[in-house]
Each structure stands twice: as structure tokens, then as C-alpha cells.
Amino acid sequence: MQETTTEHLPVALLDVSRGNAPLRDEIIAALSEVYESGRFLYGPQVGELESQIAKLSNTRHAIGCASGSDALLLALMANEIGAGDEVIVPSFTFFATASCVRRLGAKLVFADIDPKTYNICPESVASKITPNTRAIIPVHLFGQSAEIDVICRIAADRDILVIEDTAQALGGAYHGRPLGSWGQIGCTSFYPTKNLGGIGDGGMMTTDSDQIASRLRLLSAHGMQPRYFHRELGINSRLDTLQAAALLVKLKYLPKYTAARQENAKHYFELFHEAGLVGQGASAVVQLPYQDPASFHVWNQFSIRVTEGRRDELRQYLAARAIGSEIYYPIPLHLQECFQDCGYKEGSLPASEAAAGEILHLPIYPELTRAEQAAVVDGITCYLKAARGRKAA
Ligand SMILES: *Cc1c(COP(=O)(O)O)cnc(C)c1O
């Protein structure tokens with residue numbers, strides 16, 4: 001690849017339209033079919049998507065709902081988790097993993113992460129268990145499985161529920177077993193930037209239990225059964241037929257999208273090595289993501305670690321070259337203002353705090369080109385050269 005073609009090529013962090021554009025006619029046809037049918041809720045496409053996601057996850061049931069956030073909320077509601085109960089979640093994750101716990105009046109207990117994978121640390125989880133612990137919500141962050149086998153063992157010994165947050169890892173697996181099938185319930189999201197992204201909000205829950213499945217359905221539809229009889233306090237959280245129709249089109253391509261993300265990740269590794277930024281003799285300012293060999297990683301995100309306090313400066317440098325990057329997540333949840341009353345302070349969860357200060361995410365979406373990847377790595381190389389020059393001067 002020629003230098004001149006890659007220099008200062010702008011690279012967007014995300015480009016949802018690039019993925020959807022080739023499917024335009026197929027998606028519009030699917031949407032117009034729903035439009036003509038008038039079955040905007042509970043249309044046959046919803047059931048079809050549910051059975052295909054259940055198959056993908058190797059679970060008996062999948063139940064659609066309005067978002068990944070609602071999926072987590074419903075999973076807790078279906079198990080009657082509330083005041084007096086404790087739920088353990090990682091601090092280094094998206095807000096929705098934790099907000100559902102607080103919303104139901106249960107006690108949020110934050111665990112620290114494994115600094116290599118950024119996933120919830122089983123030892124930290126074990127140390128936080130009390131007689132009131134009812135559930136653990138491991139997140140398969142950035143597309144890579146948490147040590148879900150160990151967490152399920154810890155939980156099973158004590159009769160604690162495991163609710164997997166698979167919002168970033170649909171299609172992923174651990175030791176060959178699909179994510180979303182390990183815990184009692186798996187919760188996923190079809191937010192447009194997830195591995196299977198809709199044209200709006202959407203979510204789904206997977207489970208092997210007939211009883212949990214029917215409770216999830218009941219609670220997502222106002223707890224109403226039969227019509228206008230409410231035994232339980234449900235919510236209104238459905239997956240629209242229009243979303244399901246668009247998602248069914250895209251689901252056919254999910255293996256292709258996943259393979260493209262994996263290819264892009266592999267190519268980043270090659271480019272970083274070629275540029276001498278990592279490996280033997282490199283300065284180790286930049287660290288590449290650790291890959292758990294047992295995990296079938298679906299690369300929702302590609303995260304590098306930038307040490308020596310250089311992360312924010314590097315990000316600005318890239319932005320000046322119109323190269324998009326993002327920080328997932330700049331503030332761990334135990335330090336968020338709305339969770340202040342949980343009693344954590346700076347230093348409480350050191351691995352989460354260190355990750356929040358050093359992590360940086362690069363574009364990884366399936367349609368990213370080789371030239372764009374080269375431009376990203378070139379930008380990082382130039383920054384490090386300039387920074388070293390300044391230090392020497
Ligand atoms: C996106 C996401 C959610 C929430 O999904 P929504 O569909 O946006 O509500 C929950 N957990 C994690 C880890 C996520 O990345």
C-alpha cells in the first residue's frame with residue numbers, strides 16, 4: 001500500500017450507513033411488506049427473528065423487547081429482584097448493565113475487572129458475594145466472552161442467578177458454547193452500532209427455561225393475562241415488527257459481518273507489528289487487546305491501551321487528521337454521580353479506573369477498508385514519533 005494514498009485519509013469511527021447501503025432494496029422491501037400488513041406489533045417477523053436468535057444462541061427460547069436495557073430490566077423483574085437483594089455487576093461497562101438494578105430498588109455491588117480482557121473478574125465477584133446476593137450480570141465486553149464458565153460455577157454453588165449481558169457479543173462463544181446460553185438469561189441489544197444493528201432500538205432475551213420465558217413475555221406486555229387482567233406489574237416493551245423485519249434481513253449476513261470484524265482485528269495486529277509499535281523492542285506505550293484463546297471474539301470494539309498518560313493527546317492528534325476514535329468508558333460506573341450513594345470512591349476498583357484512563361477504541365466495523373486501517377495506524381505512528389521527538393529535545 002502506497003504512503004501517499006493512505007496519508008491523512010479521513011476515517012470515521014463508525015459508519016452504519018456503509019453497512020446498510022448494500023441492503024437498501026432488501027430492507028425497504030421487508031419494511032414495506034410490514035407496512036402493507038398493518039401488523040406493526042406481534043407480526044410474524046418478530047416470531048421468526050426470535051426463533052432464529054434462539055437457534056443462534058442455542059437456547060430453547062428468545063423473547064423480543066424494546067431495547068437491550070429493557071432486556072436486562074425484564075430479566076431481573078422475571079426473577080423478582082428488588083429491595084433487599086444484591087446484584088453484582090462490573091463497574092467497567094455501559095450504564096444500562098447497572099441502571100436496571102437500581103431502578104428495581106436492589107443494591108448495586110460493583111466488581112472489578114480483569115485488566116487484560118476488561119471483563120468482570122471472577123475473584124472480585126467471589127469476594128463480593130453475601131447472603132443477599134441474588135444475581136450476577138457478567139458483560140461480554142467489546143465482543144469477547146467473560147470467564148463465564150468460572151462465574152457460572154461460582155453462582156451455581158450458591159444458587160445465584162447469572163444474567164449475561166451479550167449486548168456487544170451476539171454471535172460470540174466461549175469454549176465453543178454460544179454466549180447467552182450460559183446463564184439463566186442472556187440479554188442482547190440491536191442498537192444500530194451493535195454487531196447485529198437494527199434501524200432503531202431493539203433487544204432480546206434468551207433462555208432455556210420455559211417458566212422464565214413465559215414470565216419474560218408476560219412482563220414485557222404489561223403483565224396482562226388474559227386481556228385487561230393484570231396479575232403483575234409489567235411494562236410495555238416490545239420489539240416492533242418493522243425492526244424485526246429489518247433485523248431478519250441483516251441476520252443472514254451476521255456471520256459475514258463477524259468474519260469481517262475478525263479480519264479487521266487481525267489486520268490491525270499485523271499493521272501495529274509492522275509499524276514497530278508493539279512487540280520486541282517497541283516502547284510499549286501502545287498495547288493491543290488481549291485475546292482469550294477460549295473465546296470466539298466478535299470484535300464489537302477494538303481497544304488499544306495507551307500508557308504514560310498519552311491517551312487523550314493521541315486522541316486529539318488523530319482527530320486533527322479526521323480519524324475517529326472513542327473512549328468506552330471514560331468513567332467507571334462506581335464513580336458516576338448517580339451511583340455516589342453506593343459508597344465507592346476513587347481507588348475502590350483500581351483495574352476499572354486504570355482502564356478508563358488508558359483505553360482507546362479504534363474503528364473496526366465490517367466495511368472498514370485496508371487503506372483506512374493503514375491510515376489509523378499511520379496516525380498513531382506519527383503521533384508517537386512526534387511525542388518521542390519532543391521528549392528527546
Ligand atoms: C448497548 C448496551 C446495552 C443497552 O442496549 P440498548 O439496546 O442500547 O438499550 C447494555 N449493555 C451493554 C454492555 C451495551 O453495550
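Every heavy atom of this structure was used, including side-chain atoms; hydrogens, water molecules and symmetry mates were not. Start at 1 and go down the list; that is how both ligands and their atoms are numbered.
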- Which residue, D210, D208, T206, T207, forms the side chain to side chain donor-acceptor pair (under 3.5 Å) with H61? D210
- Message: How long is the straight-line distance from CG of L72 back to CD of E164, given to the nearest 0.5 Å?
- Response: 11.0 Å
- Message: Check this for me, if you would: do E232 and R215 make a salt bridge, where the nitrogen-to-carboxylate-oxygen distance has to be below 4.0 angstrom?
- Response: yes
- Message: Need the ligand 1 atom indices (1-based, order shown) with element for anything under 4.0 Å from a heavy-atom of T93.
- Response: 13 (C)
- Item | Electrostatic pair E33:R39 at N-O distance under 4.0 angstrom | no
- Note on the structure: Note: heavy atom closest to atom 15 (O) of ligand 1, options M204, Q301, H140, K194, belongs to K194
- Query: Given F339 and F95, is the ring pair (Phe, Tyr, Trp, His ring centres under 6.0 Å) satisfied, shown in steps?
  - Reply: CA-CA 10 Å; F339 297 140; F95 179 69; 5.6 Å; yes
- Distance from atom 10 (C) of ligand 1 to nearest protein heavy atom, with residue and atom: D165 OD2, 3.6 Å
- Is there a nitrogen or oxygen of Y191 sitting under 3.5 Å from a nitrogen or oxygen of ligand 1? no
- Taking atom 9 (O) of ligand 1 as the reference point, the nearest protein heavy atom with its distance: S69 OG, 2.5 Å
- Is S189 close to ligand 1, meaning an N/O of one under 3.5 Å from an N/O of the other? yes
- Query: Is the distance between the ring centroids of Y191 and F94 less than 6.0 Å?
  - Reply: no
- Got a salt bridge between E263 and K256, using NZ or NE/NH1/NH2 to carboxylate O under 4.0 Å? no
- Taking only heavy atoms of A167 into account, list the atoms of ligand 1 that are under 4.0 Å away from them. 2 (C), 3 (C), 10 (C), 11 (N), 12 (C), 14 (C), 15 (O)
- Query: Looking at V139, which atoms of ligand 1 are within less than 4.0 Å of one of its heavy atoms?
  - Reply: 13 (C)
- Location of contacts on D70 toward ligand 1, heavy atoms closer than 4.0 Å: neither
- Message: One pair to check against ring pair (Phe, Tyr, Trp, His ring centres under 6.0 Å): Y344 and F110. What are the steps and the verdict?
- Response: CA-CA 9 Å; Y344 296 80; F110 289 110; 5.4 Å; yes
- Flag D201 as yes when one of its N or O atoms lies below 3.5 Å from any N or O atom of ligand 1, and as no otherwise. no
- Task: Determine whether the aromatic ring centres of Y174 and H140 lie less than 6.0 Å apart.
- Result: no
- Message: Could you tell me, atom by atom, which parts of ligand 1 come under 4.0 Å of a heavy atom of S67?
- Response: 7 (O), 9 (O)
- Item | Element-labelled atoms of ligand 1 that are located less than 4.0 Å from some non-hydrogen atom of A96 | 4 (C), 10 (C)
- Item | N/O separation below 3.5 Å, G68 to ligand 1 | yes
